[in-house]
Amino acid sequence: MVNQENLLLYEKIWIKRTLQRAIDLLILLLLFSLLCYRIFFIISNKTFTIPWFLAFSCESWFTYTWIILLNTKWSPAVTKTYPNRLLQRLPENELPCVDLFVTTADPVLEPPIITLNTVLSLLALDYPANKLACYVSDDGCSVFTFYGLLEASKFAKFWVPFCKKYNIQVRAPFRYFSQVTNSDDDSAEFKQEWLKMKDMYDNLSHKIEDVTRNSTSFQFEGEYAVFLNTEKRNHPSIVKVILENYDSLSDGLPHLIYISREKRPKYEHNYKAGAMNVLTRVSGLMTNAPFMLNVDCDMVVNNPKIIQHAMCILMDSKNGKDVAFVQCFQQFYDGIKDDPFGNQWVASFEYIIKGMGGLQGPFYGGTNTFHRRNAIYGLYPDEIQYGRKGKITEKMLIQQFGSSKEFVKSVTHAFEGSGNSIDGISPSNLLDKAIQVSDCGYEYGTSWGKQMCWLYGSISEDVPTGLNMQRKGWRSECCTPEPTAFMGCAPGGLLTTMIQQKRWSSGLTVVFFSKHSPVMCTLFGKIQFRAGLSYCWLTNWGLRSVFEVSYAALVAYCIITNTSIFPKVRFSH
Ligand SMILES: O=c1ccn([C@@H]2O[C@H](COP(=O)(O)OP(=O)(O)O[C@H]3O[C@H](CO)[C@@H](O)[C@H](O)[C@H]3O)[C@@H](O)[C@H]2O)c(=O)[nH]1
Ligand SMILES: [Mn+2]
């Protein structure tokens, strides 16, 4: 019999693309021959005009881009995970805890009903409920988001058991009820419960719709009083425990905590990175799980077993030890026909992410990612194995992680791998400490956002955050289970697409020229050479436009002035 302990929890599958490689090399050859032609022409004709210089620079850039792209695409890999082996090896009560993070920022662009569907799909994950805690960060400080979550938590008491009982795959109610149910269960009992659930969900969404529509008549009483007179950019920290699994029941509901970090006009809030750091601290205090999953508010779970899949990678004793994060692809359910704006990122996933998966691992994409808490806290992979004890004093920890004694204690526990920071104390008893670490002055003078955790300085915070971990020698892995792990919504129109792409490209350009640029990380860190090149491709994405526009303009210029920058074809008779 095969020893269970020796079986791998996951395997890396290398994808063969021989034809693709041959075509790509041929294109590279053509690019080189064009450059040779330019050089030869300039030398032999001794003419050097501006259009020629421009053409030569653009073509050199295209060749460079093609080389780094070729390098990225050269050896793609995906992973295959074996959740059954994980469950055979670890009894349910020994599975690791996972903290779930959801970020939302604007109740108008990201309506509460979307956020709470994401939350419901997380609460219903196929994983022991006492191992999970869901934290929602609301940068919009919206009473309606909070109201929606409160109402959703009541609905969850029925929804989660329903999903688990009938093994429903799609556990975000709006997605589930918009599909034709092709459940195997034809029983009258199922049909009856289905109708009841649908009715309850319709009620829930109407309630939220009504409240948002008649916003002026909202009563700021009781639980809601703290939201009175708050402004989006000017309000104190609000932390509320919405659900609490007091008795630590594995078939109950996970903890659900609402956080709106303090915002003041004079303080930088650092967008999503700032929100993620607050989530990290509050969760560190309250549950301190060794792993964390982060999703955007519009990314719902599509595969309820996704945590098991990700844990196969992170818990694998052979290959998983140096994996800092596991990235699941972003896939979308609301694409427009033929995807004219490329919002589905099909080619990028197929070639770039899988390609990077074969190097040091995919880049951190900001959502659908499982993180190792210790890697986020800035440890090196070998420090996890051999321990960090003795090297670091409490004073140093306070300098790095801030002045909350309880939080620093939780960090020590995380480093020692001893889990829950303040054992036996339930989240609601830690509210004042959680509020303290959510205040905007907390990070002043510390390392948050500078050396560790989610890095500040670029609006595409995800890429440098991932790079900063890989720089220390960590790897990452793709996780590609069947069915797809998460599904989200993509921007629909041209304008929203352009705004999104402008944000990404400018954010990535900033990363290329920053302290955490892939060049620096390769030269002075542990980013492998080819992985560094693939990061160059990613962070040069915005710069490409300069050369592409110039080249296109050059052709127009040649037509107008009746000149040519290309070799002329001569026909001999
Ligand atoms: O001040 C902010 C701004 C944004 N967010 C949240 O961050 C997420 C992503 O922001 P969004 O404006 O929706 O950006 P997208 O372009 O849709 O997101 C992609 O690009 C971001 C980087 O630019 C990544 O962080 C995301 O994970 C990735 O999905 C959303 O959940 C927001 O609610 C905040 O919490 N606070
Ligand atoms: Mn978004």
Side-chain angles (χ1 to χ4, degrees), residues 9-13 15 76-84 86 98 100-102 114-115 117-127 132 163-164 166-184 291 293-314 323 325-339 342-358 361-371 462 476-492:
L9 293 181
Y10 87 98
E11 270 175 288
K12 218 155 169 164
I13 316 274
I15 307 168
V78 286
T79 53
K80 185 163 173 46
T81 40
Y82 301 102
N84 290 341
L86 176 79
V98 182
L100 316 167
F101 298 166
V102 181
I114 299 280
T115 307
N117 264 281
T118 304
V119 169
L120 283 168
S121 73
L122 289 170
L123 296 181
L125 276 162
D126 265 334
Y127 203 74
L132 298 177
C163 291
K164 293 195 175 165
Y166 294 106
N167 200 14
I168 307 291
Q169 186 216 309
V170 181
R171 297 184 179 184
F174 85 108
R175 293 269 301 138
Y176 176 65
F177 290 119
S178 67
Q179 288 174 349
V180 194
T181 30
N182 44 3
S183 161
D184 298 333
F291 302 108
L293 161 68
N294 104 265
V295 290
D296 287 354
C297 59
D298 50 10
M299 278 286 165
V300 300
V301 177
N302 189 59
N303 181 340
K305 298 216 175 333
I306 181 58
I307 303 193
Q308 276 98 316
H309 287 281
M311 287 309 132
C312 283
I313 301 176
L314 290 161
V323 175
F325 61 91
V326 168
Q327 179 68 49
C328 304
F329 290 4
Q330 287 194 43
Q331 294 192 6
F332 307 95
Y333 53 77
D334 62 344
I336 40 181
K337 192 176 171 289
D338 299 331
D339 192 24
N343 283 326
Q344 308 285 317
W345 297 104
V346 180
S348 313
F349 293 134
E350 193 51 40
Y351 298 110
I352 306 303
I353 302 197
K354 286 185 184 170
M356 289 178 84
F363 62 90
Y364 165 39
T367 181
N368 313 350
T369 321
F370 289 85
H371 293 276
D462 33 22
S476 60
E477 289 284 17
C478 305
C479 186
T480 45
E482 247 332 296
T484 307
F486 300 92
M487 297 289 268
C489 39

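Here the structure is a predicted model, which means the values were calculated and not measured. Positions are given from 1, in the same order as the sequence printed here.
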Could you give the distance from [atom1] ([X]) to [atom2] ([Y]), rounded to the nearest 0.5 Å?
| X | Y | atom1 | atom2 | result |
| --- | --- | --- | --- | --- |
| Asn302 | Cys328 | CG | SG | 11.0 Å |
| Asn368 | Phe325 | CG | CZ | 13.0 Å |
| Ile313 | Leu86 | CD1 | CG | 11.0 Å |
| Asn117 | Tyr176 | CG | OH | 14.0 Å |
| Ile352 | Trp345 | CD1 | CH2 | 10.5 Å |
| Asp339 | Gln344 | CG | CD | 4.5 Å |

Would you check if [X] and [Y] make a side-chain contact, meaning some heavy-atom pair closer than 4.5 Å?
| X | Y | value |
| --- | --- | --- |
| His371 | Phe291 | no |
| Ile306 | Pro481 | yes |
| Val323 | Tyr10 | yes |
| Phe332 | Met487 | no |
| Val98 | Met311 | yes |
| Cys479 | Gln327 | no |
| Leu123 | Leu100 | no |

Identify the heavy atoms of [X] and [Y] that sit nearest to each other, and give their distance.
| X | Y | result |
| --- | --- | --- |
| Leu9 | Cys312 | CB-O, 3.3 Å |
| Ile168 | Pro304 | O-CG, 3.9 Å |
| Ser178 | Phe174 | OG-O, 3.1 Å |
| Leu120 | Pro173 | CD1-CG, 3.6 Å |
| Gly488 | Asp334 | O-OD1, 3.9 Å |

Test your reading of the model: is there a side-chain donor-acceptor pair from [X] to the backbone of [Y], 3.5 Å cut-off?
| X | Y | value |
| --- | --- | --- |
| Lys305 | Tyr127 | no |
| Ser121 | Val301 | yes |
| Asn294 | Phe101 | no |

Without placing hydrogens or testing angles, list every side-chain donor-acceptor pair under 3.5 Å for residues 76-83, not counting sequence neighbours.
residue : atom : partner : partner atom : Å
Thr79   : OG1  : Cys478  : O            : 2.6
Thr81   : OG1  : His309  : ND1          : 2.8
Tyr82   : OH   : Glu11   : OE1          : 2.4

- Quick one: side chain to side chain contact (heavy atoms under 4.5 Å, CB included) partners of Asn167, sequence neighbours excluded?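 Only Asp126, Arg171 meet the side chain to side chain contact (heavy atoms under 4.5 Å, CB included) criterion with Asn167.
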- Let me know which of Asp298, Thr369, Asn303, Leu293 forms a side-chain contact (heavy atoms from CB on, under 4.5 Å) with Phe486.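 Exactly one pass, corresponding to Leu293.
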- Query: Taking the six-membered ring for Trp, are the ring centroids of Phe349 and Phe329 within less than 6.0 Å of each other?
  - Reply: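 Yes, close enough.
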